[in-house]
4 protein chains.
Amino acid sequence: MSPNRPGRPRDERVDAAILQATRVLLAEAGYAGLTVAAVAARAGIGKAAIYRRYATKQEMVFAATMHGAQVPQPPDTGSLRADLRWLAATITGMIGAPGVGGVLGGLLADMEDEAVATAMRGFAALERATIALILDRATARGELPAAPDPAFVHAVMMGAIFARLHVFGEGDREGFADDLASTVAGGLIHPAGGLPRQGDGTATPG
Amino acid sequence: MSPNRPGRPRDERVDAAILQATRVLLAEAGYAGLTVAAVAARAGIGKAAIYRRYATKQEMVFAATMHGAQVPQPPDTGSLRADLRWLAATITGMIGAPGVGGVLGGLLADMEDEAVATAMRGFAALERATIALILDRATARGELPAAPDPAFVHAVMMGAIFARLHVFGEGDREGFADDLASTVAGGLIHPAGGLPRQGDGTATPG
Amino acid sequence: MSPNRPGRPRDERVDAAILQATRVLLAEAGYAGLTVAAVAARAGIGKAAIYRRYATKQEMVFAATMHGAQVPQPPDTGSLRADLRWLAATITGMIGAPGVGGVLGGLLADMEDEAVATAMRGFAALERATIALILDRATARGELPAAPDPAFVHAVMMGAIFARLHVFGEGDREGFADDLASTVAGGLIHPAGGLPRQGDGTATPG
Amino acid sequence: MSPNRPGRPRDERVDAAILQATRVLLAEAGYAGLTVAAVAARAGIGKAAIYRRYATKQEMVFAATMHGAQVPQPPDTGSLRADLRWLAATITGMIGAPGVGGVLGGLLADMEDEAVATAMRGFAALERATIALILDRATARGELPAAPDPAFVHAVMMGAIFARLHVFGEGDREGFADDLASTVAGGLIHPAGGLPRQGDGTATPG
DNA sequence: GTTTAACCGAGACGGTACGTCGTGTCTTTCG
DNA sequence: CGAAAGACACGACGTACCGTCTCGGTTAAAC
């Protein structure tokens with residue numbers, strides 16, 4: 001932390017080697033087949049160098065897969081539906097690879113629900129900022145009367161894609177992203193029941 | 001299998017004890033903390049009695065948590081939106097309990113993606129029949145021009161609920177089910193962009 | 001322990017394989033170079049089977065090297081000196097092999113002094129019975145006025161041989177056993193100072 | 001080495017702190033429980049300062065325990081037996097402390113037998129000079145016809161004391177040193193079987 | 001007075017053994 | 001043959017230690 005703490009500093013190449021080896025082995029063997037010893041061997045380092053950085057295997061995997069994930073800036077396509085279409089494609093690109101289901105599942109199982117929630121929230125905030133931008137644009141454009149809760153849209157978009165790909169294992173059928181974008185955009189613009197959901201913009205309890 | 005096979009028949013109380021002990025221990029220690037030996041000890045039986053019934057720990061957990069789950073008949077509320085509201089509450093009741101995220105995650109991590117998909121499909125088929133019924137009613141009622149793919153609606157509804165509760169850990173905020181039902185119903189009735197997949201990226205004026 | 005306790009009984013071939021592999025690897029690599037994993041691999045068993053029997057590596061080595069060591073019956077050569085000569089040769093045969101110094105040293109270092117003393121006492125009792133027999137014969141023969149403490153003779157004989165071979169590393173010079181036997185026999189028969197050491201036959205304090 | 005080599009000279013307080021910390025921790029935790037890092041921490045120095053002086057942990061321990069041990073000049077008591085009695089007490093003072101068994105054992109286990117022998121020989125030479133002096137005096141005094149091999153007497157005296165205290169863990173019974181001195185002195189003066197090694201196995205009439 | 005080279009504390013590094021634990025199979029005795 | 005008990009082979013886990021190396025910084029002798 002402190003820039004001038006005593007002792008030999010951590011070798012940044014070791015950090016990178018750990019994360020890289022973790023990603024490679026996750027792709028090769030999956031989450032259940034991943035061992036810390038194999039990561040160390042692949043990275044050409046000792047196990048202690050890993051445990052000096054991450055207390056458990058789960059933390060290491062989380063760092064290797066989630067940390068530093070970048071959400072690109074959304075292009076302004078001119079319509080909410082097309083923006084959401086881009087978002088669906090982006091999310092699919094991030095979590096669509098085979099094996100990601102296992103990784104995310106393993107993290108879900110190994111960390112306590114509260115721990116994973118804490119860890120996820122940081123990551124989720126990035127995506128939500130992007131989503132908020134999309135929703136604000138649509139509001140400014142006049143498509144939406146008021147910006148909905150980005151967390152709500154996030155859960156729907158991410159959840160639907162994850163469930164289809166990794167829970168039901170149904171592959172990335174071509175029209176799925178289209179349907180999803182059309183349905184969510186349409187539903188946000190014309191919610192059934194006509195209830196004006198005013199003021200749920202930031203309600204995220206607990 | 002055969003009703004009159006030779007030898008001593010399986011003790012049905014053992015079957016029940018295994019499933020019950022599995023559920024209790026899942027609640028106590030979570031999926032990652034669950035061991036077959038602990039289930040056997042809790043059930044007052046031997047490990048062999050478990051492995052005679054289930055080939056792996058995963059099968060046992062699947063049987064204890066998923067198998068036999070009943071999806072109740074949907075009441076005909078008179079509107080798609082209200083039917084989906086009921087569906088959201090039902091799904092929340094089934095997968096909303098704390099720990100379910102860990103169980104599903106663990107299954108996802110331990111089985112290969114394809115295996116979990118196969119196992120899930122049987123379970124999913126039940127829910128999809130229910131969803132199909134809801135969609136057919138809405139079509140007959142005239143709310144929808146044609147019944148959409150139940151698998152699509154299933155992924156959106158289940159995925160959104162699962163993501164909110166177990167991935168982001170945001171609890172069951174009161175309005176969430178309402179918003180979800182309104183948005184999905186509205187989106188199915190009025191998909192943005194007119195008819196599905198007839199060109200996207202083009203601005204549709206608000 | 002109990003002949004009819006429940007569960008699968010220990011496999012005696014595993015016991016034997018552990019001890020045999022331990023001895024082989026001690027001879028090959030020495031005490032410091034011995035690993036539990038290597039013993040397991042050599043014996044064709046798992047590590048758990050070893051730790052089910054011995055709590056630590058040291059216990060295993062002790063069992064493999066000390067336990068069940070047999071002290072042969074001493075031939076009645078007709079003189080104390082010749083009997084002690086035989087004893088010196090026997091002890092040399094038991095502890096003279098290269099590597100025994102390391103094994104005994106390792107046990108000395110790893111066990112607490114009190115633990116090794118306890119463990120050793122059981123083994124020492126066997127040798128002491130033999131020594132007591134030799135001394136009793138000499139007394140009956142009239143060579144000695146009263147039988148000295150076997151523990152004293154044991155310490156002198158074993159200690160001298162161990163020190164020469166393993167502490168000073170001076171090899172088994174031919175005449176050493178002769179000199180040792182002559183000196184100890186002579187000293188017991190004619191102790192300098194002429195003090196009649198009456199009644200130190202069994203004094204072994206705490 | 002060279003008195004005027006360039007660079008900062010070694011800090012002599014560091015030398016002393018290493019040896020002192022080693023001795024303290026040996027007494028506290030024993031040889032097996034001693035770690036180089038703990039010695040460094042206790043001495044308030046870095047590990048590198050230790051390894052700059054000693055190539056291995058064993059060398060450090062050897063230096064801390066054996067090196068510089070002084071064998072005092074033997075008082076001329078006027079009899080071989082009394083001289084050996086003094087020698088026994090002196091050796092007991094040097095190796096009698098609890099923990100010495102573990103230290104010597106550990107060195108025996110970690111160094112190869114030949115290495116420890118080499119290291120020991122330097123130390124042993126000091127004691128042997130003292131023993132040679134005692135034996136020469138006895139010869140001059142007429143107690144012995146010819147001076148025996150000091151190495152032989154060394155092995156017997158040291159070995160017996162070490163075995164009693166550290167192998168059998170029998171404590172320093174009061175009369176033990178007396179018995180040892182009387183027996184060895186008597187045996188050197190009156191070796192059984194007449195002259196050394198002129199046939200054994202033949203009965204020598206009492 | 002610089003320069004220079006070895007020193008110093010601190011602690012990260014690669015490597016390796018430890019003892020524990022979990023999985024799924026096998027082997028007993030008993031009912 | 002089923003069941004309870006528990007031993008079996010295998011192998012990953014996280015901890016600890018060794019001996020080496022790398023920091024930033026200090027200290028005396030050599031220039």
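Naming: A, B, ... by sequence-line order, numbering from 1 per chain.
When the C1' atom of F:dA16 is taken as reference, atom NZ of C:K57 falls 14 Å away, rounded to whole Å. Taking atom OH on B:Y51 and atom P on E:dG24, their separation rounds to 4 Å, with Å as the unit. Atom pair A:D11:CG and E:dG11:P shows a separation of 17 Å (rounding to whole Å applied). Whole-Å rounding puts the C:M60 CE to E:dA17 C1' distance at 12 Å. Note: CD1 (A:I18) to P (E:dA12) measures 13 Å, nearest angstrom. For the pair D:R13 CZ and E:dG9 C1', the interatomic distance rounds to 14 Å; values are reported in whole Å. Remark: P of E:dT20 and NZ of C:K47 are 10 Å apart, rounded to the nearest angstrom. Rounded to whole angstrom, the span from the CG atom of B:D110 across to the P atom of E:dT23 amounts to 10 Å.
Residue contacts for D:R10: at a heavy-atom cut-off of 4.0 Å it reaches the sugar-phosphate backbone alone, with no base atom in range. Nucleic acid contact class of B:A40 (heavy atoms, under 4.0 Å, all strands): none. Counting non-hydrogen atoms under 4.0 angstrom, A:I50 reaches nothing in the nucleic acid. If you check every strand for non-hydrogen atoms under 4.0 Å, A:R53 touches sugar and phosphate atoms only.
At a cut-off of 3.5 angstrom, counting only N and O atoms as typed in the model, there is no donor on one side facing an acceptor on the other between the side-chain of D:R8 and the base of E:dA6.
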Test log, rule side-chain contact (heavy atoms from CB on, under 4.5 Å), inputs C:L108 and D:L104: CA-CA 8 Å; C:L108 233 54; D:L104 231 149; over 6 Å; no

Residue pair B:L34, B:M60: steps toward the side-chain contact (heavy atoms from CB on, under 4.5 Å) verdict: CA-CA 11 Å; B:L34 183 80; B:M60 179 187 71; 4.2 Å; yes

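When each of C:T56 and B:Q58 is assigned the nucleotide of DNA chain E bearing its nearest heavy atom, the one mapping closer to the 5' terminus is C:T56. Sequence order on DNA chain F of the closest nucleotides to C:A48 and D:A37 puts C:A48 first from the 5' end. Residue D:D15 is the one, among A:E12 and D:D15, whose nearest nucleotide of DNA chain E lies closer to the 5' end (criterion: closest heavy atom).
The side chain of D:V14 has E:dC8 as its nearest neighbour among F:dA9, E:dC8, F:dG6.
Atom CD1 of residue D:I50 and atom OG1 of residue D:T56 lie 11.5 Å apart, to the nearest 0.5 angstrom.
Scanning all heavy atoms of the two residues, the minimum distance from A:L19 to A:Y54 falls at CD2-OH, 3.4 Å. The shortest non-hydrogen separation linking C:R42 to C:L25 is NH1-CD2, 3.7 Å.
Dashed line: the shortest gap from a side-chain N or O of D:R52 to OP1 or OP2 of E:dA6 is not under 4.0 Å.
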